[in-house]
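Take a look at the structure below.
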Protein chains: 2
Amino acid sequence: MPEGTKRTVRDLRRGNRSVLLRSLYFDGPLSRQELSRRTGLSAASVSNVVAELIEGGLVVEAGTVESDGGRPRVLLRSARDYGRLVGVDVGETRVIVELFDLHLSRLAKADLPLGDGGHDVQAVVGHIRAGLRTVIAEAGDGPGIIGIGVGVPGVVERTPEAVVHSQTIGWDAVPLEQMLAECTDLPLFVENGATALGQAEMWFGAGRGCRSAVVALIGSGVGACVVTDGTPYRGATGSAGEWGHTTAQVGGARCRCGARGCLEAYVGAGAVLRRYHAAGGARAEDADEESALARVLADPAPAARDVLEETATYLGAGIADLINLFNPEKIIIGGWAGLMLGGRILGRVRAAAAEYALRRPFAQTSIELCHLGPEAVAVGAATLPLARLLDRGGVPTGPSRAPVVDGRPGLGLSRLPG
Amino acid sequence: MPEGTKRTVRDLRRGNRSVLLRSLYFDGPLSRQELSRRTGLSAASVSNVVAELIEGGLVVEAGTVESDGGRPRVLLRSARDYGRLVGVDVGETRVIVELFDLHLSRLAKADLPLGDGGHDVQAVVGHIRAGLRTVIAEAGDGPGIIGIGVGVPGVVERTPEAVVHSQTIGWDAVPLEQMLAECTDLPLFVENGATALGQAEMWFGAGRGCRSAVVALIGSGVGACVVTDGTPYRGATGSAGEWGHTTAQVGGARCRCGARGCLEAYVGAGAVLRRYHAAGGARAEDADEESALARVLADPAPAARDVLEETATYLGAGIADLINLFNPEKIIIGGWAGLMLGGRILGRVRAAAAEYALRRPFAQTSIELCHLGPEAVAVGAATLPLARLLDRGGVPTGPSRAPVVDGRPGLGLSRLPG
DNA sequence: ACTGCTTAGATCACGCCATGAATTAAGGCG
DNA sequence: CGCCTTAATTCATGGCGTGATCTAAGCAGT
């Protein structure tokens, strides 16, 4: 089991650039002093590296702070305008393209509903391309684009180019990355949407400051993003975290995946509605799942309460499984249905989890709701190119696909027909 | 989320020493040429680092191999006699202490049954101390001891000294590391026994060459060692991998942990026997669990077959959960009951897993039996100090507790009363 | 025995790195 | 205006990996 490779003296610099840049990005503004203290790097090295980062435009000075009569400390922060990021959310019914600055403030948004063509790949690629043009036009002139993150509702396999498999939208081994690469020279990052959302939640939401957490996402489907050691866990072939299809009941209810007793068949939005109707709850033919679930939550009838109680039990047991297997610092419940249910039955879910989990790991975790809401997939997607930027300490090293102008990221839309 | 720290130019060397040492340990013997090719290091660096490793006694030359008329390649391999390793298996009924050379060949063994005192901590510490004396005496003179690995049947929390919690043997926050440190100056490594066993299986058993796998261990209890990216996953507080207490049946059979429907309550050895007896299987009062289970496996009666069939279904569903959540390259079934059951119903377990797991991740994994057997906990424990040796490239850097004589590990038994 | 020839491995000069010590910058205060 | 305090930079030093160059060690043919 070899391969834990670091090699040349240059990687060292990259690593240190990365450490400093991350500190400033997530905990800034900070003085050079404070950076030295936090990272353990000598003041000399901090000075050198920071000078490089400022030279490169990644970091800017941001005021000073006094220091008991001595020379004031200069505060540093990551440059919001170093470059921009694109996040794409390929959803089940629409494609959303958003443009962000480096601090993930949204600059522009394009919402493109998928028509009758459904999830025809060419249509999706077309939508993404159109959305790109729209947001760039809408945002006007500005810094170049670092990269494009794309969140998709399926498993992303790297071969090494991203290939997407998705039962829900009927994609089988779609070479999305390659197809998108024909539209743009910008670096592309294709990732599972739930994973992207989980990363956003870890960086800016309920998971801030955690090294390990499980983001449990409940919508029509049920999934999870497992974060270990600060980064989402992908598994050998990218399909880790399929929590919705773990077995809550051996030989139980039939799930749409074909198996029996999957958790999704008990706590997914559709499953909750089905049980509600089976228990005599009024059926609202015209409503979509979301308003139908809202109606269940608002129904004061005992039958509705029983359905919710049962849902809490199954959800708690499912969460207990996550606690027992992953021993995370936090469990973060999200997804549109998760947030709706959570607002109502979180206490009972916690109680059920306490019942089904082992005492110690349960006591050492906390169960909370997502902060960012289910719309944040595009934000999560945009964190993907940002993550690489931070990892590399800002240097677009090697044979990157990123166009570079004056050492800064360029627009790279040469092949994007206007 | 900062902290991905590497710092000085010296760490670089350590990293490269580590890479080369690991290559030689796991894939040796190799020539310098081959090392250069595999690690990507320049021939010059390989020469330098190898010279250091030879100087330090970690690596030795081992013959030559011809090369089409040119100068022959000199083969290198890790030195079996650089130092010795101690592995301790604190089991439920006994303490086993074993002494190994660096290639994990056993040099001596001491088996110390736990008397009526049960798992009194002082008794266990005394046994370990006695075992140490025994194996050192039995093996006679030889290279120094690198460190002592201890596998315990419970959760190991690092605070940062290892503290052990174990329901099964009634340990609550036992500061085992600190207590053992009073007997010896040798570096100590306390770890969960299942985790240690899993690491052994990954290094020398069914997991050889894998980066990710789940070692599923079934005995009286049920647990798992999850290996991601080559190293066992511990979770935030060391209790990850509690597979036995994930829920197979919400509201199902009562488990000894207090919850309902735990997997362990269906596939643990005791659970299988209970179902067998409930189905009318003959009860053998005098026999231990192991022979009782053997009798079930040998019983040709339909009732016994049904029990096994049901066990296969639950086990398959449980394994499917592991596949869906972790997406590992391999599932490795071990533990004494796991191996017994596996020999008989592996096919049916595979079939059940196929039914309950998602198609893609199931197709990309394989389900196999452990190679090393359940006795290998001591081997696994011995891999713990070895792992650190390999990680550090052999240098006992910093304020190590390891006594060093002439740059080599010493015996460090000064405080071990003879 | 000797001469090329071929390949493995060692040595050397170079450029890059982080660091502690020394030096310079920048403010407050009497 | 000079002194003190603290922040930041600069400098000399020792490590490191690397490509180029050099030495070592075998073989084939004469």
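Note: hydrogens, waters and symmetry copies are ignored here, and every other heavy atom, side chains too, is used.
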How does protein contact run along nucleotides 24-30 of chain C, one letter per nucleotide 5' to 3', with B for base contact, S for sugar-phosphate only, - for none, heavy atoms under 4.0 Å?
-BBBS--
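Taking atom CG on A:N48 and atom C1' on D:dT9, their separation rounds to 8 Å, with Å as the unit. At whole-Å resolution of the value, CZ in B:R10 and C1' in C:dC16 are 17 Å apart. Regarding A:L35, its CG atom lies at a distance of 17 Å from the C1' atom of C:dT19, rounded to whole Å. Rounded to an integer number of Å, the gap from CZ of B:R13 to P of C:dC17 is 18 Å. Atoms CG (A:L76) and P (D:dA7) sit 14 Å apart, rounded to a whole Å. Spacing between atom CG of A:L12 and atom P of C:dT19 amounts to 9 Å, rounded to whole angstrom units. Computed from coordinates, the A:E61 CD to D:dA8 C1' distance equals 11 Å when rounded to whole Å. The distance from atom CZ of B:R37 to atom P of C:dT7 is 17 Å, rounded to the nearest whole Å.
Between B:L75 and A:V46, the one whose closest nucleotide on DNA chain C sits nearer the 5' end is B:L75. Judged by closest nucleotide on DNA chain D, A:S31 is the one of A:S31 and B:V9 placed further toward the 5' end.
For the pair B:R32 and C:dA8, the criterion of a side-chain N or O lying under 4.0 Å from OP1 or OP2 is not met. Between D:dG17 and A:T8, no contact under 4.0 Å exists linking OP1 or OP2 to a side-chain N or O.
Within the nucleic acid shown, A:A44 comes within 4.0 Å of at least one base atom, counting heavy atoms only. Contact annotation for B:V74: backbone-only contact, meaning every heavy-atom pair under 4.0 Å involves sugar-phosphate atoms and none involves a base.
Between A:W203 and A:F26, the angle of the ring planes goes over 60°, which puts this pair in the perpendicular group of the 30/60° scheme.
Evaluated for a ring pair (Phe, Tyr, Trp, His ring centres under 6.0 Å) with B:H103, the options B:F204, B:Y82, B:Y25 yield exactly one hit, B:Y25.
Distance from the side chain of B:S45 is smallest to D:dT18 among D:dC16, D:dT18, C:dG20. Each of C:dT11, C:dA8, D:dG17 was ranked by its minimum atom distance to the side chain of B:S47; first place goes to C:dT11.
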Begin from the C-alpha positions of B:R14 and B:D11 and carry the test salt bridge (charged side-chain N to carboxylate O under 4.0 Å, His left out) through to its verdict.
CA-CA 5 Å; B:R14 184 185 10 252; B:D11 299 321; 2.8 Å; yes
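No donor-acceptor contact under 3.5 angstrom links the side chains of A:S45 and B:R7, judged on distance only.
Within the 4.5 Å cutoff, side-chain heavy atoms of B:N48 are placed close to those of B:R13.
Distance CG/B:L389 to OG/B:S18: 9.0 Å, rounded to 0.5 Å.
Residues forming a ring-ring contact (aromatic ring centres under 6.0 Å, His included) with A:H371 (at least two apart in sequence, or on another chain): none.
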